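Some notes on the structure that comes next.
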Amino acid sequence: MSLPAAASHAIRARLDAEGNASGGDQLEVAMGPQHPSTHGVFRMDVVLDGETVVKLKPVFGYLHRNHEKIAEGTSYLGSMPYTDRLDYFCSLTNNWAYALAVEKLAGLAVPERAEYIRVITAELTRLQNHTSVCGFLLQDMGALGTPLMWAFRQREKVLDLVESLTGARMMCNYMRFGGCRCDLPPGWIAQARVLVDEYPRFLEEFEALLSGNEILMARTQGVGRLPAALAVAAGVTGPMLRASGVDHDLRKVDRYGIYDRFQFRVPLGDHGDVFDRYMIRVLELRESLGILDQALRDIPPGPVIDPKAKLRGFRPKAGEAYGRIESPKGELGFYLVSDGGPNPYRYRVRPPSLINLTILEDMCLGHSVADAVVILGSVDIVLGEVDR
Amino acid sequence: MSFPAPEELKTIVEAALHGVRVELVPNPAVPSQSSLRVAPADADAVARFLRDDPRLLLDCCSNVTGIDWPDRDEKTKTKTVVDGVEKETEVVRRVPGTLEVVYHLYSVALRHGPAILRQRTADRGGDCSVTSLTPVWRSCEFQEREVFDLFGVGFAGHPDLRRILMWDGYVDHPMRKDYVEPDDYEYEPTPHDDVLERAKSHYPPTEAKP
């Protein structure tokens, strides 16, 4: 048997014995882990009938390093820089979720200015995440290069701001229990204001080219529908849940931090398809710009952390706490159990990327394999968080 | 109506489900919200009640995780009087360990929560298990697989209980407190330097090859 014939024999599997009788041969394809559309090292074991997906099993763990075990072996503060590596696109919101959980556990108060800085940095994170995701989605559809590079050009401006504040572009390690690590540098607010003022121009340009684009609509509308009831039961959160028409945004529901002070709307989708998920992100960008506008206007002077806060040798009382925030990907939660020692007894990350993949198979069944790529792109996963 | 406090929740559940006992687990930290512990045999019925009762409608199981509580020694001091002299004797009692599974439940429909539900296994043996809540909340599917993988808790009734993060041939459960890390994570045919020093302490000595 020649090599190509042997290879095709090896991947051709009759699934009749497993009860998937279809008469003809079905093709079993391992998409990934080294496939560009998987956004990292992630594998989908797909069974195809012709080009139609009849079965899809996600396979994880290629990037697993047991983040939780490592965090249980170090101090509370010691895991703060490590949370950056969960969802490496959104290190500032990861910091916030962890800080929020510890503040809940120990009952720490956060100064007013620090709360504003947290909102500003979180919304900047949301800006650059949603912008890049829209670019990646277009890349997955075959619009190679241009949309992604446009998105990245804009993301670069946000990263420059983040860099001048935290010293790092992606691994920020910026928040602390009860505040932030350092105050805004001089002139930072004016620079941020420039970015916020010119962002709508980019969005209009981006939308004029893409949102009404015939190819984009043909590839995304009616693809990968997710009914609202299934989305809630499967724990789907973030833009994906809202695209299915469920009004659930933790910034409104929990009103953590100072989100009750800002005027913003929660965009909702009608159909729960890939197009709605794309559109929700574009609309959320505009709402984030509105929040940034208000926060940059209202930010008060003052300390960014209680100067007497004890960060090293921090030992919260025994007990447990669960803190969650609306990260750009969905509900990011930290569950901490303390036994009174310097290390957390139990440290758990609730990863929105992983849980949003629970219904990946349901969304892909009956669609072509090319659509499966687009559907995965619309979920918005980062493997650093999925595998932890 | 505001979300019932855990004490109230316990009364509601026990009144609605005949013969079900709910144990309140206090939380001494600042959030101070007690959680509800149920026996694995009752977990499915309690979960369905919490999800479907119109006052609660806890339709979203947000977070599922495990906690390992290894065996521990509990020391109690007792005073006895022997021949008119008071003596203090220490009694050491072995408390068997357990693996606990924690569920954080929220209501998306009514925007309240959380209710914290707990189950625990009878022991920490290889085949310890609790009841799977995946048939009630689909979001438990991957998270229970993760608890199975990393803690070694079985879930009776789970539709697809396989390892999720570690590979299929792996035998241990890394999140358990008594897990011993391997000396060399990557395969190393000839351990040397500090890896060799550590290996010597618990591996049988290997013969030097010529």
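Everything numeric in this text was worked out from a predicted model, so none of it was measured. Computed over heavy atoms, backbone and side chain alike; hydrogens, waters and symmetry mates excluded. Quick note on labels: first sequence line is chain A, next is B, and so on, each numbered from 1.
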Inset, instruction - Let me know if A:I355 has heavy atoms under 4.5 Å from chain B in its side chain, its backbone, both or neither. - result: side chain
Inset, instruction - Step through it carefully: locate the ring centre of B:H173, locate the ring centre of B:F151, and say whether they are under 6.0 Å apart. - result: no
Legend entry - A:I305 versus A:F177, closest heavy-atom pair with distance: CD1-O, 3.9 Å
Inset, instruction - Check each atom of B:R162 against the heavy atoms of chain A and say whether the ones under 4.5 Å are side chain, backbone, both or neither. - result: side chain
Inset, instruction - Flag the one option from A:L354, A:V232, A:V253 with the top tally of heavy-atom pairs under 4.5 Å to chain B. - result: A:V232
Inset, instruction - Sort out for me which of A:P351, A:A229, A:G235, A:G333 touches chain B most, counting heavy-atom pairs under 4.5 Å. - result: A:G235
Inset, instruction - For the pair B:F3 and B:H112, name the ring-plane relationship: parallel under 30°, tilted 30 to 60°, perpendicular over 60°. - result: tilted
Inset, instruction - Let me know if A:L357 has heavy atoms under 4.5 Å from chain B in its side chain, its backbone, both or neither. - result: both
Inset, instruction - Let me know which of A:E320, A:E68, A:R348, A:R324 forms a side chain to side chain donor-acceptor pair (under 3.5 Å) with A:Y335. - result: A:E320
Legend entry - Pair B:F155 and B:F148, ring centroids less than 6.0 Å apart: no
Inset, instruction - Check whether the side chains of A:E385 and A:S353 place a donor and an acceptor atom closer than 3.5 Å, and report yes or no. - result: yes
Inset, instruction - Measure distances from A:A106 to the heavy atoms of chain B and classify the residue's part below 4.5 Å as side chain, backbone, both or neither. - result: backbone
Inset, instruction - Tell me, for B:R176 versus chain A, whether the close heavy atoms (under 4.5 Å) come from the side chain, the backbone, both or neither. - result: backbone
Inset, instruction - Against chain B, label A:N66 side chain, backbone, both or neither, depending on which of its atoms sit under 4.5 Å from a heavy atom there. - result: side chain
Inset, instruction - Measure A:D254 against the heavy atoms of chain B and call it side chain, backbone, both or neither at under 4.5 Å. - result: neither
Inset, instruction - Give a yes-or-no answer on whether the side chains of A:R346 and B:T65 include a donor-acceptor pair shorter than 3.5 Å. - result: yes
Legend entry - Within 6.0 Å of CZ in B:R94, more than 12 heavy atoms from elsewhere: yes
Inset, instruction - Select one option (side chain, backbone, both, neither) describing which atoms of A:D362 are under 4.5 Å from chain B's heavy atoms. - result: side chain
Inset, instruction - Name the region of B:V102, side chain, backbone, both or neither, that has any atom closer than 4.5 Å to a heavy atom of chain A. - result: side chain
Inset, instruction - Please flag which part of A:P58 lies under 4.5 Å from any non-hydrogen atom of chain B: side chain, backbone, both or neither. - result: side chain
Inset, instruction - Side-chain contact test, heavy atoms from C-beta onward, threshold under 4.5 Å: evaluate it for B:M175 versus B:D68 and give yes or no. - result: no
Inset, instruction - Let me know if A:Y62 has heavy atoms under 4.5 Å from chain B in its side chain, its backbone, both or neither. - result: neither
Inset, instruction - Select one option (side chain, backbone, both, neither) describing which atoms of A:V59 are under 4.5 Å from chain B's heavy atoms. - result: neither
Inset, instruction - Hey, can you tell me if A:Y98 and A:F334 have their rings parallel, tilted or perpendicular (30° and 60° cut-offs)? - result: tilted
Legend entry - Among the listed options A:K317, A:H248, A:K252, the residue most often paired with chain B at heavy-atom distances under 4.5 Å: A:H248
